[in-house]
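All chains are named by letter (A, B, ...) in the order of the sequence lines, taking the proteins before the strands, and each is independently numbered beginning at 1.
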There are 2 protein chains.
Amino acid sequence: MAGNDVISRRSLHGELVDLLHDMVLDGELRPGDKINEQALCVRFGVSRTPLREALKVLASGGLVILAPNRGARVARISPQEIDQLFPIMGALESLAGELACQNISNADIARIRKLHDQMVHHYEKKESAPYLKLNRQIHEAIFDAANNAELTQLYHTIMVRTHAVRFTAKKSPARWHEAVEDHVKIMDALEKRDGTRLGVLLKDHLRHKASMVHESLTEMSAEAAE
Amino acid sequence: MAGNDVISRRSLHGELVDLLHDMVLDGELRPGDKINEQALCVRFGVSRTPLREALKVLASGGLVILAPNRGARVARISPQEIDQLFPIMGALESLAGELACQNISNADIARIRKLHDQMVHHYEKKESAPYLKLNRQIHEAIFDAANNAELTQLYHTIMVRTHAVRFTAKKSPARWHEAVEDHVKIMDALEKRDGTRLGVLLKDHLRHKASMVHESLTEMSAEAAE
DNA sequence: GCTTTGCATTTTGCATTCAAATTCGGATGT
DNA sequence: ACATCCGAATTTGAATGCAAAATGCAAAGC
């Protein structure tokens, strides 16, 4: 979707969608935060019209909540939403895995294997940040291999909605181990191009992730008062 | 103090999103049609601002295409998009089927059985319109039983994008027969609450549907010049 | 005859403006 | 002291205004 033609003639509201998007992802705007139109307008040097258009778009994607006459807030994510969204992400990743197995080249498998080995290496050294980065790259690579832009974009919009878990989710050692084990199996199925199995594994992997996040989220919400 | 929603205080742009949505679904706005802002403004008696907001939202959902400085058009659907979207719908319906089997009551199964039998009856009489209506109701009922609002909504937005096929798609007798056979199996799996099998069947069903639409779409685009 | 050029009209993108709703602070009454 | 009410200030929702871009069309050039 980064379709920049030679002459990048993007619209202002489009830029703003990305900008706000990034602000939410970077944690500059936290879930539940009020979004002050005027403040953002002066910050970005635009008028309210395009900003409001961007907010409507983000709201339709579920990233912000618009309360009539009360303005916009960054959406919070509830345990119920986690329960609903993760199975969806599971289904989509599962599909991505199946499709990837149909298309992927040996070179791309080798590339993912490399990412995988590096990731495991970081796991063994308990280096969380580079682990997470490689993890993301692996999943991205699978989606790339699936060669279905609509699928990739859809997955991305949903995943963004779960961004909030980053502020709470902390992998327990057991969960982390589980995740790595999942990935070993995933890598194996991918190398065998066993799409069906890869699909199941990815769905399971997401289910584990959901459990992890759900645990961590309920536990956190217990101690964090509003 | 949360229950003030008795008075539906919807925003204008929200109304317009639905309105335009319906216009596209009803075929009043056909794929490829230019959307004239001013004309719609006078028609709905609103100013351009909320209308434009609505267009941005619809564009983010893929139902309309915005070309910078060139306005909005109702999105066309290409065979490639069909190829990308139908597997996604398949994955989502498959998930819906699996979830439905976990939750569904006997009463709901009986209700769906009734719809199914009616639908088959209409198939035998080759009554296309009531067949399609019952078909839709069955799929809706499965999503309802899945009890995942996010999933239902997501499916709906994607399905809407494929609305265009209504103008071209014509079931061949063979394809129609295939679809009914799929449904017989689907009904069976549902009554046995065999989620895994139902999931596979629904995925297959969508794959068949995709083939059908794809055939019909390429064939039509061959004879229809721009 | 066909394409290209220049200009008027229309359409689009965004800023500004205005009215309605909400929020906040303090005064009032119990 | 506490809750309630009132009004100013802020904030939101939508209409209007205005400049830039695109479109349509007629005349000029090849």
Just list the side-chain donor-acceptor pairs under 3.5 Å for residues 90-101 of chain B, sequence neighbours left out, or say none.
from: B:Glu93; atom 1: OE1; to: B:His139; atom 2: ND1; distance (Å): 2.7
from: B:Glu93; atom 1: OE2; to: B:His139; atom 2: ND1; distance (Å): 3.1
from: B:Glu93; atom 1: OE2; to: B:Tyr155; atom 2: OH; distance (Å): 2.5
from: B:Ser94; atom 1: OG; to: B:Gly199; atom 2: O; distance (Å): 3.1
from: B:Glu98; atom 1: OE2; to: A:Lys203; atom 2: NZ; distance (Å): 3.3

Got a list of protein N/O to nucleotides 11-14 of chain D N/O distances below 3.5 Å?
from: D:dT12; atom 1: OP1; to: A:Lys34; atom 2: NZ; distance (Å): 2.6
from: D:dG13; atom 1: OP1; to: A:Asn69; atom 2: N; distance (Å): 3.1
from: D:dG13; atom 1: OP2; to: A:Arg52; atom 2: NH1; distance (Å): 2.7
from: D:dG13; atom 1: OP2; to: A:Arg52; atom 2: NH2; distance (Å): 3.3
from: D:dG13; atom 1: N7; to: A:Arg48; atom 2: NH2; distance (Å): 2.8
from: D:dG13; atom 1: O6; to: A:Arg48; atom 2: NH1; distance (Å): 3.2
from: D:dA14; atom 1: OP1; to: B:Leu12; atom 2: N; distance (Å): 2.9

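A:Leu51 places its CG atom 15 Å from the C1' atom of C:dT16, with the value rounded to the nearest Å. The CG-C1' distance, from B:Leu40 to C:dT11, rounds to 14 Å in whole Å.
Taking A:Leu16 as the reference, A:Leu19, A:Phe44, A:Val46, A:Pro50, A:Leu51, A:Ala54 meet the side chain to side chain contact (heavy atoms under 4.5 Å, CB included) condition, with sequence neighbours excluded. Shown here are the side chain to side chain contact (heavy atoms under 4.5 Å, CB included) partners of A:Val24, two or more places apart in sequence or in another chain: A:Leu29, A:Leu63, A:Val74, A:His163. Applying the side chain to side chain contact (heavy atoms under 4.5 Å, CB included) test to B:Ser211 and every residue at least two apart in sequence or in another chain returns B:Arg175. Applying the ring pair (Phe, Tyr, Trp, His ring centres under 6.0 Å) rule to A:Tyr131 yields the partners A:Trp176; only residues at least two apart in sequence or on another chain are considered. Partners of B:Lys209 according to the salt bridge (Lys or Arg N to Asp or Glu O under 4.0 Å) rule, which considers only residues two or more places apart in sequence or in another chain, do not exist here.
For the atom pair CD1 (B:Ile88) and CD (A:Glu150), the distance works out to 6.0 Å, reported to the nearest 0.5 Å.
One axis for each end of the helix from C:dG1-D:dC30 to C:dT30-D:dA1, each built from five base pairs, and the angle between them comes to 10° at 10° resolution.
Among residue pairs with one or both ends in residues 22-31 of chain A, those qualifying as side chain to side chain donor-acceptor pair (under 3.5 Å) are A:Glu28-A:Arg43; sequence neighbours excluded.
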